[in-house]
Peer 1: 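The structure's right below; bear with me while I get my questions together.
In this text the structure is predicted, and so the values were computed from the model without any measurement.
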Amino acid sequence: MTEIITKIELIKVLKESNQCVTTWFTEIPATDFFTRHGEVWSASDNVDHLIKAHKPVAKALKLPKITLRAMFGKPDKASMMYEELCQIYRDEIARGAQASGRYLPNQENPDSNAETKKRELLEQFSKASTELVSAVEKWDDKELDDYLLPHPILGKLTIREMLFFTIYHNLRHASQEGD
């Protein structure tokens with residue numbers, strides 16, 4: 001992936017990664033969408049997890065900036081580049097880090113109406129993704145580097161880094177190599 005520098009590029013790639021998720025999971029038949037293989041999450045689990053990851057970021061980006069500053073402080077270094085952040089996350093996953101708490105999927109397994117439940121879950125993802133992009137659009141490019149948000153595995157990240165993570169996280173879950 002080419003380096004993401006500006007807010008416009010960031011939003012473009014975020015939208016593309018959201019679309020990648022939608023396309024990837026739409027193509028999985030409803031009969032397989034809720035099926036787990038041992039401890040491996042089903043497609044529905046992955047989508048539910050991504051929804052749970054998007055919502056708090058969108059919500060935080062709608063808070064007054066003074067609130068974010070009071071809650072999480074001010075960055076003491078420049079934002080990492082996309083690939084650097086991705087490598088740090090991959091290293092943490094390799095060391096055993098995994099989703100926990102409110103980020104764990106509900107792990108539904110509908111007896112009937114799988115097609116309807118799949119469509120509803122993908123609509124929820126679409127809505128959460130749209131809300132996140134909308135929230136990002138209201139931020140200035142420079143502000144993306146001036147405020148922090150907490151990540152459960154990576155610690156405090158700048159808004160830009162959190163969006164880099166979101167892009168990578170989307171692509172990681174919407175692939176054969178995904179979690």
Peer 1: Between the side chains of S79 and D145, does any donor sit under 3.5 Å from an acceptor?
Peer 2: yes
Peer 1: Are L122 and V47 close enough, and set up right, to give a side-chain contact (heavy atoms from CB on, under 4.5 Å), and what steps lead you there?
Peer 2: CA-CA 7 Å; L122 289 170; V47 174; 4.1 Å; yes
Peer 1: Mind running side-chain contact (heavy atoms from CB on, under 4.5 Å) on V13 and Y82 for me, showing each step along the way?
Peer 2: CA-CA 11 Å; V13 177; Y82 176 81; over 6 Å; no
Peer 1: Would the number of heavy atoms belonging to other residues, nucleotides or ligands and lying under 6.0 Å from NZ of K77 be above 12?
Peer 2: yes
Peer 1: Which heavy atom of A30 sits nearest to which heavy atom of E115, and what is that distance?
Peer 2: CB-OE1, 3.2 Å
Peer 1: Measure centre to centre between the rings of F72 and Y147, then say whether the value is under 6.0 Å.
Peer 2: no
Peer 1: Would you check if the distance from the ring center of F25 to the ring center of H173 is below 6.0 Å?
Peer 2: no
Peer 1: For V133 versus N18, what's the shortest heavy-atom pair and its separation?
Peer 2: CG2-ND2, 3.8 Å
Peer 1: Let me know which of L163, T166, L171 forms a side-chain contact (heavy atoms from CB on, under 4.5 Å) with S17.
Peer 2: L171
Peer 1: Do other residues, nucleotides or ligands put more than 12 heavy atoms under 6.0 Å from K55 NZ?
Peer 2: no
Peer 1: Could you grab the distance from atom CD of E120 to atom CG of N113, nearest 0.5 Å is fine?
Peer 2: 8.5 Å
Peer 1: Between Q87 and E84, is there a donor-acceptor pair closer than 3.5 Å when you use the side chain of the first and the backbone of the second?
Peer 2: no
Peer 1: Can you tell me how far apart CG (L144) and OG1 (T6) are? Round to the nearest 0.5 Å.
Peer 2: 10.0 Å
Peer 1: First locate atom CG of L50, then atom NE2 of H54, and finally report the distance between them rounded to the nearest 0.5 Å.
Peer 2: 6.5 Å
Peer 1: Using a 4.5 Å cut-off on heavy atoms from C-beta on, say whether the side chain of L157 contacts that of L148.
Peer 2: no
Peer 1: Starting at CG of L68, measure out to CG of L61 and round the result to the nearest 0.5 Å.
Peer 2: 7.5 Å
Peer 1: Decide yes or no for L132 and V57: does some side-chain heavy atom of the first lie under 4.5 Å from some side-chain heavy atom of the second?
Peer 2: yes
Peer 1: Mind listing the closest non-hydrogen atom pair of P75 and R69 along with its distance?
Peer 2: CD-NH1, 4.0 Å
Peer 1: Tell me which one of Y103, F165, F164 satisfies ring pair (Phe, Tyr, Trp, His ring centres under 6.0 Å) with H151.
Peer 2: F165
Peer 1: Quick check on K12: does its NZ atom have over 12 non-hydrogen neighbours (other residues, nucleotides or ligands) under 6.0 Å away?
Peer 2: no
Peer 1: Stepwise, does the salt bridge (Lys or Arg N to Asp or Glu O under 4.0 Å) test hold for D91 with R95?
Peer 2: CA-CA 6 Å; D91 292 346; R95 283 195 277 278; 5.1 Å; no
Peer 1: Test of understanding: clusters of I, L, V, M, F, W, Y form through side-chain heavy atoms closer than 4.5 Å, transitively. Do L154 and M71 belong to the same one?
Peer 2: yes
Peer 1: Taking all non-hydrogen atoms of both residues into account, name the closest pair between P56 and R102 and its distance.
Peer 2: CB-NH2, 3.9 Å
Peer 1: Run the numbers on I93 and Y89 for side-chain contact (heavy atoms from CB on, under 4.5 Å), then give the verdict.
Peer 2: CA-CA 6 Å; I93 295 297; Y89 182 67; 3.5 Å; yes
Peer 1: Is the shortest distance from a Lys or Arg side-chain nitrogen in E123 or K127 to a carboxylate oxygen in the other one below 4.0 Å?
Peer 2: no
Peer 1: Given side-chain contact (heavy atoms from CB on, under 4.5 Å), test N106 with K52 step by step and report yes or no.
Peer 2: CA-CA 10 Å; N106 290 337; K52 289 177 176 182; 2.9 Å; yes
Peer 1: With heavy-atom distances below 4.5 Å as the criterion, would you say the side chains of N46 and H49 are in contact?
Peer 2: no
Peer 1: Without hydrogens or angle criteria, can the side chains of T23 and Q19 be said to hold a donor-acceptor pair below 3.5 Å?
Peer 2: yes
Peer 1: Between the side chains of R90 and E83, is the shortest nitrogen-to-carboxylate-oxygen separation below 4.0 Å, so that they form an ion pair?
Peer 2: yes
Peer 1: Name the one of V21, I28, T22 that satisfies side-chain contact (heavy atoms from CB on, under 4.5 Å) with W24?
Peer 2: I28
Peer 1: Which value, rounded to the nearest 0.5 Å, describes the distance between K118 atom NZ and D32 atom CG?
Peer 2: 9.0 Å
Peer 1: Rounded to the nearest 0.5 Å, how far does NZ of K65 lie from CG of D146?
Peer 2: 10.5 Å
Peer 1: Which heavy atom of K7 sits nearest a heavy atom of D141, and at what distance?
Peer 2: N-OD2, 2.9 Å
Peer 1: Does a side-chain heavy-atom distance below 4.5 Å link I167 with L10?
Peer 2: yes
Peer 1: Compare all side-chain heavy atoms of I4 with those of L14 and state whether any distance is below 4.5 angstrom.
Peer 2: no
Peer 1: If you group Ile, Leu, Val, Met, Phe, Trp and Tyr by side-chain heavy-atom gaps below 4.5 Å, do W139 and I5 land in one group?
Peer 2: no
Peer 1: Do M81 and I8 belong to the same hydrophobic cluster, where Ile, Leu, Val, Met, Phe, Trp and Tyr are linked whenever their side-chain heavy atoms lie under 4.5 Å apart, directly or via other members?
Peer 2: no
Peer 1: Does D45 come within less than 4.0 Å of R36, counting only side-chain N to carboxylate O?
Peer 2: yes
Peer 1: Please determine whether the number of non-hydrogen atoms from other residues, nucleotides or ligands lying under 6.0 Å from atom CD of Q98 exceeds 12.
Peer 2: no
Peer 1: Does atom CG of L104 have more than 12 heavy-atom neighbours, drawn from other residues, nucleotides or ligands, at distances under 6.0 Å?
Peer 2: yes
Peer 1: For A135 and A58, work out which heavy atoms get closest and say how close.
Peer 2: CB-O, 4.0 Å
Peer 1: Taking the side chain as every heavy atom from C-beta outward, state whether E9 and E3 have any atom pair closer than 4.5 Å.
Peer 2: no
Peer 1: Do the non-hydrogen side-chain atoms of S42 and F33 ever get within less than 4.5 Å of each other?
Peer 2: no
Peer 1: Are F34 and Q107 close enough that some pair of their side-chain heavy atoms sits under 4.5 Å apart?
Peer 2: no
